[in-house]
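Notes follow once the structure below has been shown.
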Amino acid sequence: MKCLLAALICLWQVAPNITWADPIFENHSSALPNHIYDGDWTHFVGGGVAVFDCNNDTLPDIFAAGGTNLAKLIINAGDFRFIDAALPPLTSVTGAYPIDINADGHIDLFVMRAGANAILRGHGNCIFTDATTDLGIPPDKAWTTAFTAWWDGDTRPTLAIGNYVDRSDPNGPFEACDENSVIMPANIGYTAQPLSPSFCPLSILAANDARGLPTLRLSNDRHYYVKGGYEQMWDITERRFLGTADGWNTVSLWGMGIASRDLTGDGRDEVMLTSMGDQLLQIAGKNGQYTAAPYNIGSYAQRPHVGDDGRPSTGWHAEFGDINNDGLADLFIAKGNVDQMPGMATRDPNNLLMQTATGTFVETAATAGVATTDRSRGAALADFDQDGRLDLIVVNRRAPLELYRNTTKDTGHWLRVSLQQTGGNRDAIGATIHLETPQGIQSIQNVIGGGHAGGQLLPRHFGLGIIEKATIIVDWPDGTQSRQTAGANQTVLIMKP
């Protein structure tokens, strides 16, 4: 049957007469080394986590920001055992994103800091060295809170840096947003160009927008830009901000994080923007524009769903992922008061919104066991034990890391897809993976960025429901396309033809 995303027809069809089990997670936080994201007002925001495989054993490893504490590298030893690993000492870290910046097959880390950012070069076996100077990255002492990257005709990536409040401004912090920048490959090293106006972004994502064109989306914190600012879209090809003449109707919100996923099967990503208050889901239309999802879709998650605190929630990291592998993307949102803001909920549980066959979302965090009420910030959905079910890690401000094992019974089939090609863009960032089955088409863009202060570079995970075979269609960054068939319950590496 066709499912309904409010008034929008959803092309993804789910198997009839199938009732999938409610999600269940086991708390395995005690398996992690002790680590806390801490600090003064400089670390009210941030607290990101990067998840990637740093020793090529297929098990996702963890880099966690520490704020005033040292950042932490945690190695996945299998069977939910985790150990500390050596790392160049870095404090004032707000978050990090994995990226293979030199295409050597070893994942590197772009580390964001309240101060000079760093690029940690991976050498294999989870060994990292600081390569910021060697790569020629322009020095900067700003307070970085957002990052994304893409390849644009060079063997090296272009980087977009989102900076928060200018701490040196004597008239700040309000209306004192620092300048963002685009860092581009040059003949020697890199060169930085301003990306302004700047409105204190807490997330940036380079991805194809509703027009199908590569675009930077910047989600900005209204708390510090106060007035005159808004969410921004910057056309990567034309190198300009979009406006009303382009069909981009600006929105102002207390922007924290970005999650992007095609929910309707039409090949265009819907976008979740977390905020203080409403979590805004934008539906991508055929005309290349976005409209706000109807309230009854169940995704706004504007107040705590447990407890008696009726004040608005504060959303941070958001991420789509198929928790029960039924073929429908679900949504996790990390929640938590900035610190002690009296107008916002202080006991603010995280959300686990399960998508239904009608395209609506149902809150399940409490029954699933992940509705904790610490000041959550960054998070990641990743299969830490490689059993085909997405697990969860959460970074909290002034509280320990949390780790949850997905033990949901009777989940559907799954398929993970990893891409590889020759040249500088080894992981084919900018490609789109389509999964075609008799029930419809799912799509995931292979990108770096979004979330809140952290992301992952792992095989892309799809749920298949009862389907045991799928056709994988890859739109590669150079515009070519490949197609192959694969059976369920495996990770498939696709090399560009």
Self-check item: L493, CG atom: more than 12 neighbouring heavy atoms under 6.0 Å
Solution: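 Above 12, so yes.
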Self-check item: Over 12 non-hydrogen atoms of neighbours within 6.0 angstrom of CG in N287
Solution: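 Atom CG in N287 is packed in, count exceeds 12.
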Taking the side chain as C-beta and beyond, is there a heavy-atom pair between [X] and [Y] under 4.5 Å?
| X | Y | answer |
| --- | --- | --- |
| W414 | N489 | yes |
| T274 | H317 | no |
| F199 | L218 | no |
| N208 | L213 | no |

Quiz item: Okay, side chain of T364, backbone of A368: is any donor-acceptor separation there less than 3.5 Å?
Solution: no
Exercise. For H434, check ring-ring contact (aromatic ring centres under 6.0 Å, His included) against everything at least two apart and list the hits.
Key: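 H434: no ring-ring contact (aromatic ring centres under 6.0 Å, His included) contacts found.
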Quiz prompt | Y190: ring-ring contact (aromatic ring centres under 6.0 Å, His included) partners, not counting sequence neighbours | solution =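 Counting only residues at least two positions away or on another chain, Y190 forms no ring-ring contact (aromatic ring centres under 6.0 Å, His included).
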Would you check if there is a donor-acceptor pair between the side chains of [Y] and [X] at a distance under 3.5 Å?
| X | Y | result |
| --- | --- | --- |
| D475 | Q481 | yes |
| E402 | Y404 | yes |
| N220 | E231 | no |

Self-check item: Salt bridge flag under 4.0 Å for residues R211 and D246
Solution: no
Quiz prompt | salt_bridge(R121, D100) N-O dist < 4.0 Å | solution = no
Quiz prompt | For Q484, side-chain hydrogen bond (donor to acceptor under 3.5 Å, both in side chains) partners two or more places apart | solution = none
Quiz item: What closest approach, in Å, do L73 and A86 show between heavy atoms, and which atom pair accounts for it?
Solution: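 Minimum heavy-atom separation between L73 and A86: CD2-O, 3.7 Å.
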Quiz item: Y290 ring centre to R217 NZ or CZ under 6.0 Å, with the angle to the axis within 45°?
Solution: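 R217 over Y290 ring: yes.
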Practice problem: Assess the pair Y97 and F110: is the distance between their ring centroids shorter than 6.0 Å? | Solution: no
